[in-house]
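Only one structure is covered here, and it is reproduced in the block below.
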Amino acid sequence: MMVTFFRQAYCVFGTVELPDKPIMLPPFVEATHCLGYHLTRKGRAVADRVVSVLGYACPDITYSPSLYPITAALLHFMPGKFLNCSANLCFNAK
């Protein structure tokens, strides 16, 4: 899963490094629901990047205001496993 994420991140952003500038979030994310759950600036950049790559990988997502706060909460409480959990939420949804 991690290799696939980094490949897709490279396709979307042209690098796997975190950018210094804010990332434009996909249209299915509402800015009013982007709760950071006490993440640092770097943590919010990681959450932004994960949600953006998930939007690229799952173009059929049209509206998911809860994806960003769930990703941020998983990143805060489960830093080692949040990526797999977020991807499973998107890829295994029925």
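In this chain, residues are counted from 1 in sequence order. What you see is a predicted model, and the numbers here were worked out from it, not measured in a lab. Side chains included, hydrogens not; waters and symmetry mates left out as well; all remaining heavy atoms used.
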Taking distance alone, no hydrogens or angles, what donor-acceptor pairs closer than 3.5 Å link side-chain atoms of residues 48-61 to residues at least two apart or in another chain?
{"unit_1": "D48", "atom_1": "OD1", "unit_2": "Y68", "atom_2": "OH", "d": "2.7"}
{"unit_1": "R49", "atom_1": "NH1", "unit_2": "E17", "atom_2": "O", "d": "2.4"}
{"unit_1": "R49", "atom_1": "NH2", "unit_2": "T15", "atom_2": "O", "d": "2.7"}
{"unit_1": "S52", "atom_1": "OG", "unit_2": "D48", "atom_2": "O", "d": "2.9"}

Listed partners of K21 passing side chain to side chain contact (heavy atoms under 4.5 Å, CB included), at least two apart = none
Please report, to 0.1 Å, the donor-acceptor pairs under 3.5 Å made by any side chain of residues 25-38, with sequence neighbours excluded.
{"unit_1": "E30", "atom_1": "OE2", "unit_2": "Y63", "atom_2": "OH", "d": "2.7"}

key: Value rounded to 0.5 Å, distance of CZ in R44 from CG in L75   = 11.0 Å
key: Rounded distance [0.5 Å steps], CG in L18 versus CZ in R41   = 12.5 Å
task = Could you tell me which non-hydrogen atom of L39 sits nearest to which non-hydrogen atom of A72, and how far apart they are?
result = CD1-CB, 3.8 Å
